[in-house]
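Below: one structure, written as structure tokens.
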Number of protein chains: 2
Amino acid sequence: MTTGTRKRARRGEGAALHTEILDAARQLLAETGSDEAVSVRAVAERVGVSTPSIYLHFADKDALIDAVCESVFADLGQAMEAAAEGVADPFDALKERGLAYVRFALANPEHYRIVLMSRGNAANSAAHMLTTSTYQNLVESVRQCQQAGVFSRDSDPTELGTSLWAAAHGIAALLISNPALVDPDHQMLVVEQVISAAGLGLALLQRIPQQAGDPCPADLVAGLDAALGPPQAYVGPVGS
Amino acid sequence: MTTGTRKRARRGEGAALHTEILDAARQLLAETGSDEAVSVRAVAERVGVSTPSIYLHFADKDALIDAVCESVFADLGQAMEAAAEGVADPFDALKERGLAYVRFALANPEHYRIVLMSRGNAANSAAHMLTTSTYQNLVESVRQCQQAGVFSRDSDPTELGTSLWAAAHGIAALLISNPALVDPDHQMLVVEQVISAAGLGLALLQRIPQQAGDPCPADLVAGLDAALGPPQAYVGPVGS
DNA sequence: TGTACATCAGTGAACGCGCGTTCACTGATGTAC
DNA sequence: TGTACATCAGTGAACGCGCGTTCACTGATGTAC
């Protein structure tokens, strides 16, 4: 059932098919959302080429899936950078990155799922991830917040970055697995709440005295009330 | 290759095999961590029974996997309740629930993975999840924090619960996918930081004036500094 | 108490399926002379 | 300019595999008389 509509590549133009295969795999992934469902056969058919042709361009199925993950992860990083571009305040920039992260995840749920919610692809491995510019940019963003006095300069920026990442990943993953968990109208509000709370919470946590035993939580809350007033239901920032 | 070591159940004792199958599936899942890897054949062999016997107790493979998820999710809920038991302060109790959640996830990574990180099992569906006591207990815990003045009484407790859940799920999922992301010695410290920051962050967020436009983040941080002093690197609560 | 029979937990063998991968091949493209 | 040849992108058919599931069966257990 090969379609045969494709023209054969000229000498040295094999790279074109390489890209087409990658794109087709991404497409298929977006439609099905599972690497199990993206079969070598299906990719070949989508491209309009015979199944064994895939092996001319990728060593095996894993290599293909890994390449897809790599490219999705790079796009995620780009979305984050674009969102932070031109934002002067580093704490704001950090938040924008976080929001862009979740926006990307919700806009590309099936891609996000395979890159960050499934097991055993090379892209999703600590050793590799820590070297990506996507992650390095996040850490750099945290570092700028440390310089600006939001977080302590004595903290490990990668550790803070991981904590913030966890918040973004958590709400993204939860909403992807379970879109009905929150009312669609409130969805971005909840996302924003989670992202903001993670950043503010870490900043606050670093300002609570740790030496003299746990300040009891009731006192802590009383302190917040004294300084800032009683809590109000969150209705989101005016600007969004 | 059926082992045949089992004795046949007496009349009306079919339920025993039902339980044995469930346990074997959980065992297998813990070893492999993927519902794809848990095959009906493998489960049958583990129990010491022929493959078709499984169908005497479960309609099909999905029903079996769903039953496993159900039971894991119930255990998770129990772990959370046990951790919160006897903790007087509701904000503390909420935190203990969160810590227990992540501890359970890290102790049972493969079980956690299939219940909360994979797609398409009945247990992991919003409609069902919202009715579980595991989730209801979390919401109740949030509600008690509202009564105690930690969070506004005007907030939606399920929405706050979801936000807190996101933080716990995020760090759990990240560390399960990627254990090397943080130094093992710091692992629980990071977890605690994320959980605490989520709770504190939401409490703080509700105390920031929202009417008169965004308070600019620099002012916000300056306010924290004025009230509480400059940030210090987090070294964790004394008590843990 | 003994025997014929119904019940039902569990079995062995087979089904069709889609998968990743391999292999010997074809035939258009470019090159050497 | 023409021809023989090397190259290499792409193919068709087949491989073995493990899977979920079905089906006609077996034989121990309990029951009716």
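Each chain gets a letter, A, B and so on, in the order its sequence line appears, and its residues count up from 1.
- Ring geometry for His169(B) against Tyr112(B) counts as tilted: the plane angle lies between 30° and 60°, on a 0 to 90° scale.
- Nucleotide dG16(C) forms a Watson-Crick or G-U wobble pair with dC19(D), both donor-acceptor distances falling under 3.5 Å.
- Both distances falling under 3.5 Å, in either a Watson-Crick or a G-U wobble arrangement, place dA6(D) opposite dT29(C).
- Looking at the side chain of Tyr55(A), the nearest of the listed nucleotides dA9(D), dT22(C), dG10(C) is dT22(C).
- With salt bridges taken as basic N to acidic carboxylate O contacts below 4.0 Å, none links Arg46(A) and Glu20(A).
- Taking atom NZ of Lys61(B) as the reference point, atom C1' of dG18(D) lies 11 Å away to the nearest angstrom.
- Across all strands shown, dT11(D) forms a Watson-Crick or G-U wobble pair with dA24(C), both key distances being under 3.5 Å.
- Set against dC19(C), dA14(C), dG10(D), the side chain of His57(A) has dG10(D) as its closest nucleotide.
- Between Asp62(A) atom CG and dC19(C) atom C1' there is a gap of 14 Å when expressed in whole angstrom units.
- Rounding to whole angstrom units, CD1 of residue Ile54(A) and C1' of dG10(D) are separated by 11 Å.
- Between Ser39(B) and dG18(D) there is no side-chain N or O to OP1 or OP2 distance below 4.0 Å.
- Remark: the Arg41(A) side chain and the dG20(C) base include a donor-acceptor N/O pair separated by less than 3.5 Å.
- The pair Glu36(A)-Arg119(B) does not count as a salt bridge, with every side-chain nitrogen at least 4.0 angstrom from each carboxylate oxygen.
- For the pair Phe58(A) CZ and dT22(C) C1', the computed distance is 19 Å after rounding to whole Å.
- In this model, the phosphate group of dT11(C) is approached by a side-chain N or O of Ser50(B) to a distance below 4.0 Å at OP1 or OP2.
- The CD atom of Glu45(B) sits 13 Å away from the P atom of dG12(C) (whole-angstrom rounding).
- Salt-bridge check for Asp75(A) with Arg26(A): passed, with a basic side-chain N closer than 4.0 Å to an acidic carboxylate O.
- Out of dG20(D), dA13(C), dG20(C), the shortest distance to the side chain of Pro52(B) is found at dA13(C).
- Atom CD1 of Ile21(B) and atom C1' of dG20(D) are 15 Å apart (whole Å).
- Nearest to the side-chain atoms of Val49(B) among the listed nucleotides dG20(D), dT11(C), dG20(C) stands dT11(C).
- Looking at every heavy atom in both residues, Tyr234(B) comes nearest to Ser196(B) through OH-OG, 4.4 Å.
- Here the P atom of nucleotide dC25(D) and the CG atom of Leu56(B) are 18 Å apart, to the nearest Å.
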